[in-house]
Amino acid sequence: MSPSELRSRMNINEIPKQYDPKDAQDRWYGFWLRNGYFHADPSSEKPPYCIVIPPPNVTGALHLGHALNNTLQDVLIRWRRMQGWDCLWMPGTDHAGIATQAVVERRLLEEEKLTRHDVGREALVERIWAWKDEYEKRILDQLRLMGCSCDWERTRFTLDEMCSKAVRRTFFNLFKAGKIFRGKRLVNWDTQLRTAVADDEIYYEEANGHLWTIKYPVADSADVLHVATTRPETMLGDTAVAVHPDDPRYQRLIGKMVELPLTGRRIPIIADAILVDPAFGTGCVKVTPAHDPNDYQTGLRNDLPMINLLNPDGTYNENAGEKYAGLDRMVVRKRVVEDLKSAGLLERVDSYLVRLNHSDRSKTPIEPYLSDQWFVRMADDADGAPGFAQQAMDAVTAGKVRITPERYAKSYADWLAEKRDWCISRQLWWGHRIPIWFCTTCSEEDLQLAFGGRSDVSWREAEAGGWLICGERDLAADALGDGHLLLQETDVLDTWFSSALWPHSTLGWPDDTPELRKYYPTSVLSTARDIITLWVARMVIFGQFNMREAPFRDVYIHPVIQDGNGKRMSKSAGNGVDPVDIVEVYGADALRYTLALGATETQDLRMPVEKLKLADGRTINSSERFEQGRNFGNKIWNVARLTMMNLEGYEPAPVDVAKLPVEDRWILAELDETIRATTADLDAFRFSEAARRLREFAWGEFCDWYVEFIKTRLRDPETRPDAQRTAAAVLDALCRLLHPIMPFLTEQIWQLLGRLAPRRGAPRPVEAAASVCIAPWPVPAGLEDAEARAAVAQWKEKIQAIRNLRAERNVPKEAKIAPVIVAEGIVADRLRSGESFIKSLTGAGSIEITADGSNRPAESAVTVLADAEIVLPLEGLIDKEAELAKLKKSLADLDRQIAPLRAKLANESFTERAPAEVVATARDKLSELEAQHASVAALVEAGAR
RNA sequence: GGGCGAUUAACUCAGCGGUUAGAGUGCCUGCCUUACACGUAGGAGGUCGGGGGUUCGAAUCCCUCAUCGCCCA
């Protein structure tokens with residue numbers, strides 16, 4: 001079918017009045033995939049542009065925050081793709097060690113009453129893989145539903161073969177470089193899951209508890225110290241009592257010993273200004289280095305012994321003494337309190353509000369626990385060479401990595417400045433198992449003999465004796481021959497270890513792949529601020545370690561979505577919004593537009609949440625905000641319909657812009673400016689500005705004005721062709737500009753438009769691309785036109801003034817008014833060029849533009865503007881008193897503006913110090929207002945007579 | 001305790017040194033005007049959190065207080 005045949009068949013009734021998002025989504029996503037538009041090609045000549053997705057946890061479904069982040073990434077990717085870059089958006093998911101294992105374990109317990117120890121390591125891991133398969137699919141489907149243009153053929157998982165290889169190589173290299181060590185550290189211990197958990201995986205909860213005050217007798221003396229604690233059972237592990245060095249009450253006791261009750265041990269009284277606040281309580285503090293973070297630091301400072309009382313399951317061990325060993329810590333607490341009481345050493349018990357750490361995963365109280373852990377060294381080298389933390393800080397200060405908004409560079413630097421070692425071991429089963437084997441029986445000769453020639457095995461003496469052997473590939477238990485058993489470390493790596501490799505592991509590192517060569521370093525990383533430290537900093541560290549180059553040029557930090565009360569959205573709080581629900585109700589384009597509009601530079605984005613009942617009976621969480629996106633999309637849809645139904649007889653041809661009517665020159669100039677500004681917005685990650693600007697152009701200029709201007713031209717065969725060409729050109733550019741934000745809607749229009757006007761564009765028509773997805777991003781065509789813009793501004797202002805007069809005087813809709821515009825000079829000229837528009841858009845029967853305002857009909861409504869007077873004769877409709885009142889009000893308004901302006905100009909320090917330009921503007925403004933004032937005053941005078 | 005941010009129209013937010021402070025939603029009043037009622041035309045509504053300062057000029061810069069949120073201890 002030829003375009004002209006199609007055109008004649010294009011009946012407005014065939015295109016629905018309302019944009020149907022579902023239809024477009026179903027139709028075009030598959031089309032894009034089939035055509036391979038999302039597939040990056042390392043062999044292409046185009047320059048690379050790459051974003052790696054922050055891999056969502058396979059724990060559950062995506063929430064609105066993911067929807068925001070992925071919308072913004074897709075905007076960048078689609079925009080750059082249109083600009084001609086070879087774009088790779090790398091998708092994938094994160095195994096999320098503890099989070100996923102905890103979910104599956106909980107389910108196991110609920111559904112089968114089994115613990116992980118019942119099913120065993122292998123079987124549990126198998127179950128988690130099954131869970132992963134289900135949720136990974138769900139997550140990736142959600143991304144597709146939103147229109148994300150990821151390169152699905154390259155989808156990765158942090159625990160897949162490719163990532164595992166990268167993890168192994170990295171660990172091995174770190175081990176060889178001496179960046180990895182094993183040591184005893186105080187960690188947050190989850191006694192239920194029996195693992196260390198990271199600081200960000202715990203939360204505080206306040207509870208009513210007690211404060212016990214215990215008496216500690218001073219050895220060889222009658223003195224007694226009073227020590228208060230919320231955890232009396234830990235006293236069994238005390239190795240000192242601390243006082244403030246300047247506290248006069250205890251000066252004489254410093255250096256003496258106390259008899260630690262119930263244990264028979266003697267421990268020293270030490271002075272420590274950091275731990276002890278002399279004003280708090282008795283000024284004496286018990287020190288339990290193995291079971292409290294502050295005490296631990298005190299222990300290190302004062303070289304105290306550390307006594308670990310705890311077994312991994314939360315029971316006390318033999319260090320607590322025979323009497324308490326094997327009992328749960330809560331039972332020990334009761335016993336200790338009873339025993340102290342019967343020994344007469346319990347001074348008092350008070351009610352106390354205790355702040356207790358809980359594990360995010362098991363919801364049970366955390367125990368500070370001294371255990372063997374693996375670490376990556378962050379500190380500088382002994383010779384002063386910058387260590388990992390310093391290198392990561394340098395990447396930002398040297399400008400190799402730019403963080404937007406800039407203020408987040410500070411939290412990045414502050415955190416890294418502490419240079420704290422990174423604890424990378426987790427006592428879990430789901431994750432990358434640490435590739436270390438222990439051997440306590442062998443000698444270095446044995447190791448040399450077995451592994452001497454191998455570059456993939458490295459060993460080092462362990463702190464506690466024996467050997468730590470790191471293998472890039474698994475080592476057999478009998479690799480050292482008979483008599484020496486190799487035992488693999490049972491811990492797995494912290495999830496962030498594999499996440500930290502994401503930008504290069506997904507591209508094939510350690511292999512030298514075409515992808516790695518072309519797309520590393522990646523272009524932008526977009527993420528939420530709460531993982532700047534945990535993730536972003538560590539990617540920089542590992543990227544620089546493995547690749548000798550930071551993994552991305554830009555880091556963009558998006559705002560956090562909260563509910564209408566400023567609370568974090570969460571499933572448990574019941575205020576979470578599911579993006580899938582929003583897509584269902586409003587469509588993917590509406591979701592994306594609204595989120596882009598909300599992506600301002602602030603750190604929080606509030607979204608009032610309300611319940612919405614769907615036709616199928618389900619009640620979902622929704623937000624009125626999404627109507628903005630839906631309504632805007634519908635507006636675009638309808639202006640496209642209007643344009644297309646007027647394309648009958650369309651013939652593409654080059655246009656001489658200089659000879660086009662004012663309104664065409666105006667809209668093309670506005671378009672140029674919009675292209676320029678929108679491109680700059682996206683370049684600076686100003687997503688909200690871009691969305692706002694495009695709406696202003698599309699709705700506020702193109703729909704509200706341009707299309708109205710050309711309606712009459714479209715009916716006249718003489719003027720029709722150029723109007724069609726300009727309208728088609730603008731619609732074409734608009735589709736391209738909006739595509740990154742609203743991909744489905746714009747593709748739907750693009751395809752329809754392609755059938756009617758396959759060649760389009762001004763000043764020169766070109767063949768439209770097969771998909772807007774691969775159409776070139778618009779560039780300004782050098783069509784600025786200040787005169788056209790000034791003229792149209794004149795038309796708009798006068799049309800609005802006349803409409804206002806009509807509305808205020810209640811002129812019936814059907815009345816054909818005959819307004820007179822009194823103006824002269826260039827103003828009159830500009831108005832004459834738009835006379836017909838002023839007439840049609842105000843519903844006037846006739847219109848007069850004259851320099852002579854003397855013969856005004858007695859019964860008329862009048863508006864005095866800065867450069868013109870509008871007279872609307874309204875015989876029989878005029879209330880003289882009301883007219884006079886209106887004029888007087890306008891006079892008062894003018895006075896209110898004139899007075900401060902006069903005062904300002906009378907002020908010498910203003911006229912002398914302010915820039916000449918500002919002073920001149922003020923003078924012009926004043927004389928304009930004074931002229932206006934004089935005109936209104938004359939009218940008042942005449943009316944009063 | 002330290003840091004970051006917010007406080008502008010009823011709500012959600014722009015504006016970040018120079019005209020009478022803007023938008024969307026909501027509200028009020030007309031209109032189903034053959035592109036769109038998810039629309040259109042018009043309108044009301046703000047001493048820019050309080051106080052001080054810098055400046056010819058402050059919503060905008062500085063200080064301080066208050067309230068709220070987040071991050072790190």
Side-chain angles (χ1 to χ4, degrees), chain A residues 12-13 15-19 199-200 293-294 405 407-411 413-415 418 528-533 559-560 562 564-568 586-587 590 594 597-608 623-646 686 688-689 691-693 695-696 699-700 703-704 707-708 711 799-800 802-814 840-843 866 893-894 896-898 900-901 903-915 917-919 921-922 924-926 928-929:
Chain A
I12 191 67
N13 297 320
I15 311 179
K17 266 184 170 183
Q18 277 185 9
Y19 168 59
D199 290 343
D200 62 301
N294 292 319
R407 69 185 116 95
Y408 291 115
K410 190 172 156 50
S411 38
D414 284 353
W415 184 80
E418 294 183 30
R529 65 174 176 276
D530 52 354
I531 51 176
I532 293 174
T533 53
V560 167
Q562 304 171 334
N565 303 314
K567 296 277 175 287
R568 223 188 159 83
Y586 297 98
T594 304
L597 194 64
T600 60
E601 271 214 23
T602 50
Q603 47 183 23
D604 305 315
L605 163 57
R606 286 193 189 190
M607 251 303 150
S623 179
E624 227 180 35
R625 292 283 104 90
F626 294 107
E627 288 178 12
Q628 290 191 51
R630 181 198 59 186
N631 295 355
F632 178 50
N634 196 240
K635 187 71 182 177
I636 298 299
W637 177 245
N638 274 290
V639 80
R641 279 176 77 218
L642 174 74
T643 307
M644 291 190 288
M645 68 190 255
N646 280 295
R686 291 188 300 254
S688 180
E689 266 303 295
R692 192 188 301 270
R693 191 186 304 286
R695 179 178 62 194
E696 179 49 34
W699 198 326
C703 296
D704 286 352
V707 153
E708 296 301 330
K711 274 182 179 169
I799 288 168
Q800 279 165 334
I802 296 169
R803 282 173 174 170
N804 185 312
L805 283 176
R806 277 195 82 127
E808 283 200 333
R809 271 65 172 188
N810 295 319
V811 178
K813 190 175 141 314
E814 59 286 351
S840 62
L841 295 184
T842 56
D893 284 344
L894 287 166
R896 219 174 316 129
Q897 292 171 56
I898 288 168
L901 206 51
K904 196 177 191 177
L905 283 161
N907 184 349
E908 273 179 29
S909 43
F910 171 69
T911 49
E912 276 165 26
R913 299 196 196 198
E917 204 182 282
V918 173
V919 178
T921 314
D924 291 350
K925 182 71 197 170
L926 180 60
E928 195 180 284
L929 286 171

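Every chain is numbered from 1 and lettered A, B, ... according to where its sequence line falls, protein lines coming before strand lines.
On the P atoms, G45(B) is 11 Å away from A10(B), given to the nearest whole Å. Comparing A21(B) with U40(B), their C1' atoms sit 27 Å apart, to the nearest whole Å. Taking atom C1' in both C72(B) and C61(B), the straight-line distance is 28 Å, to the nearest Å. Spacing between A14(B) and A41(B) at atom C1', rounded to whole Å, works out to 25 Å.
Residue Asn804(A) has a polar side-chain atom (N or O) positioned under 4.0 Å from OP1 or OP2 of G43(B). For A14(B), the OP1/OP2 oxygens have a side-chain nitrogen or oxygen of Thr600(A) closer than 4.0 Å. Side-chain nitrogen and oxygen atoms of Trp699(A) include at least one within less than 4.0 Å of the OP1 or OP2 phosphate oxygen of U40(B).
Considering only residues two or more places apart in sequence or on other chains, Ala866(A) meets the side chain to side chain contact (heavy atoms under 4.5 Å, CB included) condition with Glu928(A), Gln932(A). Glu808(A) pairs by the side chain to side chain contact (heavy atoms under 4.5 Å, CB included) definition with Asn804(A), Lys886(A), not counting sequence neighbours. Taking Thr533(A) as the reference, nothing meets the side-chain hydrogen bond (donor to acceptor under 3.5 Å, both in side chains) condition, with sequence neighbours excluded. The side chain to side chain contact (heavy atoms under 4.5 Å, CB included) search around Arg606(A) returns Gln562(A), not counting sequence neighbours. Annotation: side chain to side chain contact (heavy atoms under 4.5 Å, CB included) contacts of Val919(A) (sequence neighbours excluded): Leu905(A), Phe910(A), Thr911(A), Ala914(A), Arg923(A).
The aromatic rings of Trp699(A) and Phe632(A) lie parallel to each other, their planes meeting at an angle below 30°, with 60° marking the opposite boundary.
With A41(B), G5(B), C36(B) as the choices, the nucleotide that has an atom nearest any side-chain atom of Asn634(A) turns out to be C36(B). Taking every side-chain heavy atom of Asp530(A) into account, C71(B) is the closest of C71(B), C38(B), A35(B). Here A35(B) is the nucleotide among G18(B), A35(B), U40(B) with the atom lying nearest to any side-chain atom of Glu708(A). You'll find that the side chain of Lys925(A) is closest to U20(B), out of U20(B), U40(B), G42(B). For Gln800(A), the listed nucleotide lying nearest its side chain is G42(B); candidates were A14(B), C70(B), G42(B). Of the candidates U40(B), G5(B), G24(B), U40(B) carries the atom nearest the Lys635(A) side chain, counting heavy atoms from C-beta on. In the set A6(B), U12(B), A35(B), the nucleotide with an atom closest to the side chain of Thr602(A) is A6(B). Closest to the side chain of Asp604(A), from the set C4(B), A41(B), G69(B), is G69(B). Set against C72(B), C38(B), C11(B), the side chain of Glu418(A) has C72(B) as its closest nucleotide. In the set A14(B), A35(B), G18(B), A14(B) carries the atom at the smallest distance from any side-chain atom of Glu689(A).
No contact: Glu627(A) has no heavy atom under 4.0 Å from any strand. Within 4.0 Å of Arg695(A), counting heavy atoms only, lie sugar-phosphate atoms of the nucleic acid but no base atom. Using a 4.0 Å heavy-atom distance criterion, Arg806(A) is classed as making no nucleic acid contact. In this structure, Arg606(A) reaches the sugar-phosphate backbone alone: every heavy-atom distance under 4.0 Å involves primed, P, OP1 or OP2 atoms, never a base. Nucleic acid contact class of Glu808(A) (heavy atoms, under 4.0 Å, all strands): none. Arg803(A) comes within 4.0 angstrom of sugar-phosphate atoms only, judged by non-hydrogen atoms across all strands, and of no base.
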Ile799(A) vs Arg803(A), test: side-chain contact (heavy atoms from CB on, under 4.5 Å). Steps then yes/no.
CA-CA 6 Å; Ile799(A) 288 168; Arg803(A) 282 173 174 170; 3.6 Å; yes
How far apart are the C-alpha atoms of Arg693(A) and Glu696(A), what are their side-chain angles, what is the distance that settles it, and do they pass the side-chain contact (heavy atoms from CB on, under 4.5 Å) test?
CA-CA 5 Å; Arg693(A) 191 186 304 286; Glu696(A) 179 49 34; 5.6 Å; no
Which dot-bracket string fits RNA chain B when only Watson-Crick or G-U wobble pairs with both atom distances under 3.5 Å count, crossing pairs get [ ], and | stands for a partner on a different strand?
(((((((..((((....[...)))).(((((.......))))).....(((((..]....)))))))))))).
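When each of Leu929(A) and Asn810(A) is assigned the nucleotide of RNA chain B bearing its nearest heavy atom, the one mapping closer to the 5' terminus is Leu929(A).
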